[in-house]
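Worksheet: one structure, shown below.
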Number of protein chains: 2
Amino acid sequence: MASGSAARKPAPEPLVVLEEFLPYRLNVLAGLTSSALAQIYAERFGLSIPAWRVIVTLGQYECRTARDMAPDGVMHKSTVSRAVSALEKRGLVKRRPNLDDRREEWLALTPEGRAIYEAVAPEALAVGERLLSVLTAQEQKTLSALIDKLTRQARLLAPVEAEGDEA
Amino acid sequence: MASGSAARKPAPEPLVVLEEFLPYRLNVLAGLTSSALAQIYAERFGLSIPAWRVIVTLGQYECRTARDMAPDGVMHKSTVSRAVSALEKRGLVKRRPNLDDRREEWLALTPEGRAIYEAVAPEALAVGERLLSVLTAQEQKTLSALIDKLTRQARLLAPVEAEGDEA
DNA sequence: TTCCGTTCGTTGCTGCCGCAACCAATACCA
DNA sequence: TGGTATTGGTTGCGGCAGCAACGAACGGAA
């Protein structure tokens with residue numbers, strides 16, 4: 001790699017060094033892990049990331065759609081809607097009207113859906129484990145706490161669509 | 001928020017709890033910070049994230065395009081290419097042929113480009129600071145080290161386009 | 001020199017996401 | 001009761017990213 005050492009003039013005054021900028025680094029890391037996982041979801045099971053999230057959520061609970069799929073506003077309504085209808089079309093998810101509130105519908109995994117869930121989940125977990133394997137148990141705890149703190153803070157900084165304000 | 005407590009049946013056996021799954025949490029965090037930043041880039045300066053990255057990189061150095069913009073394979077070639085031509089069209093970046101290797105071109109910020117750089121950079125940094133403000137100095141160091149470890153590991157797990165293999 | 005393999009960069013195509021507008025059903029309030 | 005605001009969910013539209021195929025230029029070997 002003895003190439004192009006002349007490429008980088010230090011430049012007047014680097015205000016921002018991208019490689020040290022936290023949001024950038026978070027994006028890079030998240031992107032790498034996402035694509036590692038997406039490869040499994042997509043190539044082997046034909047699932048998009050939103051679809052994967054829907055399946056996992058329905059694997060934990062048997063809740064209803066949208067709001068429940070994206071409790072905090074991650075994933076847009078439309079994203080969830082499309083993921084669900086794709087899954088329904090493939091017969092992995094079944095809709096059932098909620099008679100108490102006919103605006104919403106109950107969603108559940110079909111047997112086929114659950115089969116896929118049980119096939120994908122361990123692999124996804126394995127990737128997560130392999131990722132975390134470079135950290136000690138203590139470091140993992142620390143990381144978890146730091147992520148939580150940052151996420152809380154980020155949620156304050158991001159507008160999150162400003163739901164339900166009037167002023 | 002006393003709504004829908006009946007929504008969540010515990011379900012047979014939750015193999016994966018999404019809210020505890022590291023890749024998911026990283027994605028959420030990265031997404032939140034990205035959109036906080038993107039708002040600044042986009043609304044106030046009409047920059048996409050790739051465009052911002054190009055500008056920042058050219059603000060540090062005065063290097064050439066593609067490979068230099070995405071040293072590690074973050075950002076696809078095509079993404080960089082389009083970002084650059086958009087910036088050129090707006091007169092924020094100038095191309096200059098490299099006579100030593102006419103496949104590539106030297107890129108540099110125009111005065112207008114640098115002006116935008118100097119306007120955006122502090123705001124972006126401020127967002128980064130506000131994010132990190134919930135962490136102590138020690139925690140910031142720890143976080144940085146953890147991110148590095150994980151990123152290294154993630155790069156091993158991700159295919160990264162498998163450049164230059166033959167078998 | 002000529003030929004082949006490789007690298008830098010661009011562009012057409014496709015799919016996905018977010019926005020916003022919209023429909024349907026419910027909640028709130030006089 | 002009726003009217004308005006709110007919420008759950010769908011869909012059309014525009015933009016952007018990734019893939020892959022291509023063109024242009026370089027490097028090495030005969």
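The basis for the numbers below is simple: all heavy atoms, side chains too, and nothing from hydrogens, waters or symmetry mates.
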Note to self: Quick check on DNA chain C: between Arg102(A) and Met75(A), whose nearest nucleotide comes earlier from the 5' end?
What the structure shows: Met75(A)
Next item on the list: Among dG18(D), dC8(C), dT10(D), find the nucleotide with the atom closest to the side chain of Glu104(B).
Entry: dC8(C)
Next item on the list: State plainly whether the residues Lys149(B) and Glu139(A) are in salt-bridge range, i.e. N to O under 4.0 Å.
Entry: yes
Notebook entry, point to check: Rounded to the nearest Å, what distance is computed from the CG atom of residue Asn98(A) to the P atom of nucleotide dA24(C)?
Noted result: 19 Å
Next item on the list: Please list, by residue number, the residues of residues 47-57 of chain A whose heavy atoms come closer than 4.0 Å to an atom of DNA chain C; answer none if no residue qualifies.
Entry: Pro50(A)
Next item on the list: Please report, rounded to the nearest Å, how far the P atom of dC16(C) is from the OH atom of Tyr41(A).
Entry: 16 Å
Next item on the list: Whole angstrom is fine here: how far is it from CD in Glu43(A) over to C1' in dG15(C)?
Entry: 16 Å
Check: What pairs with Tyr41(A) under ring pair (Phe, Tyr, Trp, His ring centres under 6.0 Å), at least two apart in sequence or on another chain?
Finding: Trp52(A)
Next item on the list: With the side chain of Lys77(A) defined as its heavy atoms from C-beta on, choose the nearest nucleotide among dA25(D), dG18(C), dA21(C).
Entry: dA21(C)
Check: What's the spacing between Leu87(A) CG and Leu109(A) CG if we round to 0.5 Å?
Finding: 8.5 Å
Margin query: Please determine whether a side-chain nitrogen or oxygen atom of Arg67(B) lies at a distance below 4.0 Å from atom OP1 or OP2 of dC8(C).
Written below: yes
Note to self: Without decimals, in angstroms, what is the distance between Arg64(B) CZ and dT7(C) P?
What the structure shows: 14 Å
Checklist line | Interatomic distance, Met69(A) CE vs dG9(D) P [rounded to whole Å] | finding: 9 Å
Next item on the list: State whether Glu123(A) and Arg44(A) are salt-bridged, where the test is any N-O pair (Lys NZ or Arg NE/NH1/NH2 against Asp/Glu carboxylate O) under 4.0 Å.
Entry: yes
Margin query: What's the closest nucleotide to the side chain of Asp101(B) if the choices are dC26(D), dG9(C), dT10(D)?
Written below: dC26(D)
Margin query: Do Leu125(B) and Leu47(B) land in one hydrophobic cluster if side-chain heavy atoms of ILVMFWY residues count as linked below 4.5 Å?
Written below: yes
Check: Can you tell me how far P of dC8(C) sits from CZ of Arg103(B), to the nearest Å?
Finding: 6 Å
Check: Relative to the 5' end of DNA chain C, which residue comes earlier, Asp100(A) or Arg82(A), by the nucleotide with the nearest heavy atom?
Finding: Arg82(A)
Notebook entry, point to check: With sugar-phosphate meaning primed atoms plus P, OP1 and OP2, does Thr79(B) contact a base, only sugar-phosphate, or nothing at under 4.0 Å between heavy atoms?
Noted result: sugar-phosphate
Item checked: Whole-Å distance separating the CH2 atom of Trp106(B) from the C1' atom of dA25(D) -> 16 Å
Note to self: Measuring only between side-chain heavy atoms, which start at C-beta, is Leu107(A) closer than 4.5 Å to Arg64(A)?
What the structure shows: no
Check: Rounded to whole angstrom units, what separation is found between the NE2 atom of His76(B) and the P atom of dG15(C)?
Finding: 17 Å
Next item on the list: Keeping the roles fixed (side chain from Thr57(B), backbone from Met69(B)), state whether a donor-acceptor pair exists under 3.5 Å.
Entry: no
